[in-house]
Structures are given as C-alpha cells and as structure tokens.
Amino acid sequence: MTDTTHTGSIRLAHISRYPVKGLDEQSLSETTLGIGQALPGDRRFAIAHGSSAYDPAQPGWQKKAHFLNWARTPAIAAIRARYAEGGDVVSLSENGAELLRDADLTTEPGRAALCDVLLKRLPQEARGKLVVAEAPGVSFSDVEPKFLSIQNRASLDAIGSHAGTAFDQRRMRGNLLLDGLSPWVEMDWIGKRLRVGGAELEMVEIIGRCPATTLDPLNGARNLPTLDILNREYGHQDCGLYAKVVQGGTIRVGDSVTLR
C-alpha cells in the first residue's frame, strides 16, 4: 500500500535535461521554468531514422518510435555525450575515444557531423538516412504535452533493493529527482501541486515505464529486470510522474519542495 503520510523534508536533488533525445543527460544546477512549458532545452533535438515519419519541411512532434531511442536502439546508450552550456553544441565519445567534437546542432554542418558519426556507429539502427529533428516550441519527449518528469529517489532505491543492486536514476531519464520521501508516496499525488523554488508544478499523470529502464546507462547492456520487478512486487509498470508548470520561476538543486 502506498504511504502518503511520510513526506518529511523534501529537497530537489538533481535537475536533468536531455538536449538530444536518446543521448546523455546534461545536469543543471538551476533553470527557469515557464508556465505550460517543458524544462528549457529538454529534448530540443532528436535523431530521426530512415523509417521515420518526421518531415523536416513540416517539423512537429512525433512518437519516440520515429527517433533513435534507448528502447529500440540500446547501443546508443554506450555513446557518451557532453554539451556546451547552452545544450546545442555536443561532443561524443565511446570507450574513451573521441567520436565528435563541438558539433553545433543549430547549424547544418553540425547536424550533418552528428548524423555521420551515428550512422557509422549504428548502421542497422539508422535504417537509412539520419536527420536531426527540431521544431520550434516542441520538446521531443515521449508524450506530446509539455510536461516535466519527476522521480522519487526512495522509489528508485526500492526497485534497486529488490534487484540487489543500486538503481541508477539515469535509467528513468527524468528531469527532477526528489529526496526526503518515503518510497512510492508520489503515486497518490495526481492533482496535487509541488512548490519548488520559485515555481509550482501540478502532478498530472503517472509514468508507465518501458524496456529502456532495463539498460545500463553506461554501456547499453540490458542488465536489470526493471519491468519484471515492478510487475512482481507492485503489480504495475509505473514509476514517476509527469507534471505541468502552473507557475513559472527559477528552481535550483537543493531547493526545498512543498506538497499541497
């Protein structure tokens, strides 16, 4: 049974965005949220494969199946990405070897360079020509509404305890990680609001998880039966919440979080 009483002193422990869908996170110490907007720069870009319905002439949101992603392209998780501060300049490496340096994804040469590296590294998964997708005002999240995803570290630790290993929060590819909670209390938060720093978020949907959560974030190996554990121990495949920004403001790692 979910325990809703032990919220304790909640703290924002980590802020992550994923400038390129399917590639590494970029950790942030602070960011400013806008009403009805995704976390700034999150999934700004995605890599459309050769079978994608994404049309550069009419860019817009598409489901994750149209892009390289962990669930269908696990090998991409072994590629390390490093971003310049703004998140639109990316460098890639693998096993310590540099693959790409400072590709500016706002330019055609930068996009072509990224696609060339990934095509050579993932020829079968590419299914033909790769294209860097970008659409004004669009976040290529797994859901079309502009939500943030929130994780409770205690719930992730509970999954890890059943697996007999530490659970790396990067498996969930969330935006905000919260400390100071009991496991699974967040499952009863739909319709409630969180005050984080200068922003306020409304909890709108529980996140159903996919096979991407079974991947090791460092090498792409399917090495943890996340979905089996969730089904066996809790009777569902859910973990984390989608939230919408209802009051904009700046949030910082270490901010206190208030539930109401």
To check you understand the geometry: which heavy-atom pair defines the closest contact between [X] and [Y], and what is its length?
X    : Y    : result
S182 : A154 : C-CB, 3.9 Å
Y83  : A81  : OH-CB, 3.8 Å
S51  : R127 : OG-CD, 3.6 Å
H236 : D238 : ND1-N, 3.0 Å
L12  : V196 : CD2-CG1, 3.8 Å
A75  : E125 : CB-OE2, 4.2 Å

Hydrophobic cluster identity match, [X] and [Y], side-chain contacts under 4.5 Å:
X    : Y    : answer
L39  : M203 : yes
F67  : L23  : no
I207 : L224 : no
I47  : V131 : no
L215 : V20  : yes

What verdict does the side chain to side chain contact (heavy atoms under 4.5 Å, CB included) test give for V245 and Q37, after you've listed the backbone C-alpha separation in whole Å, the side-chain angles of each residue and the deciding distance to 0.1 Å? CA-CA 7 Å; V245 180; Q37 298 300 309; 5.9 Å; no
E186 and S155: CA distance, side-chain angles, deciding distance, side chain to side chain donor-acceptor pair (under 3.5 Å) verdict: CA-CA 9 Å; E186 71 278 12; S155 299; 2.7 Å; yes
Show, in sequence, the C-alpha distance, side-chain angles and deciding distance for E25 and R173, and conclude whether the salt bridge (Lys or Arg N to Asp or Glu O under 4.0 Å) test is met. CA-CA 8 Å; E25 71 169 359; R173 299 179 70 78; over 6 Å; no
Take K63 and N69, measure what side chain to side chain contact (heavy atoms under 4.5 Å, CB included) needs, and give me the verdict at the end. CA-CA 11 Å; K63 294 181 178 180; N69 64 76; over 6 Å; no
Inspect the surroundings of [atom1] in [X] and state if more than 12 heavy atoms from other residues, nucleotides or ligands are less than 6.0 Å away.
X    : atom1 : answer
R209 : CZ    : yes
R101 : CZ    : no
R82  : CZ    : no

Considering the options L148, D142, I190, which one meets the side chain to side chain contact (heavy atoms under 4.5 Å, CB included) requirement together with Y242? D142
If we count only N and O atoms by modelled type, under 3.5 Å, do the side chains of R222 and T214 hold a donor and an acceptor together? yes
Quick one: does K64's side chain get under 4.5 Å of R72's, heavy atoms only? no
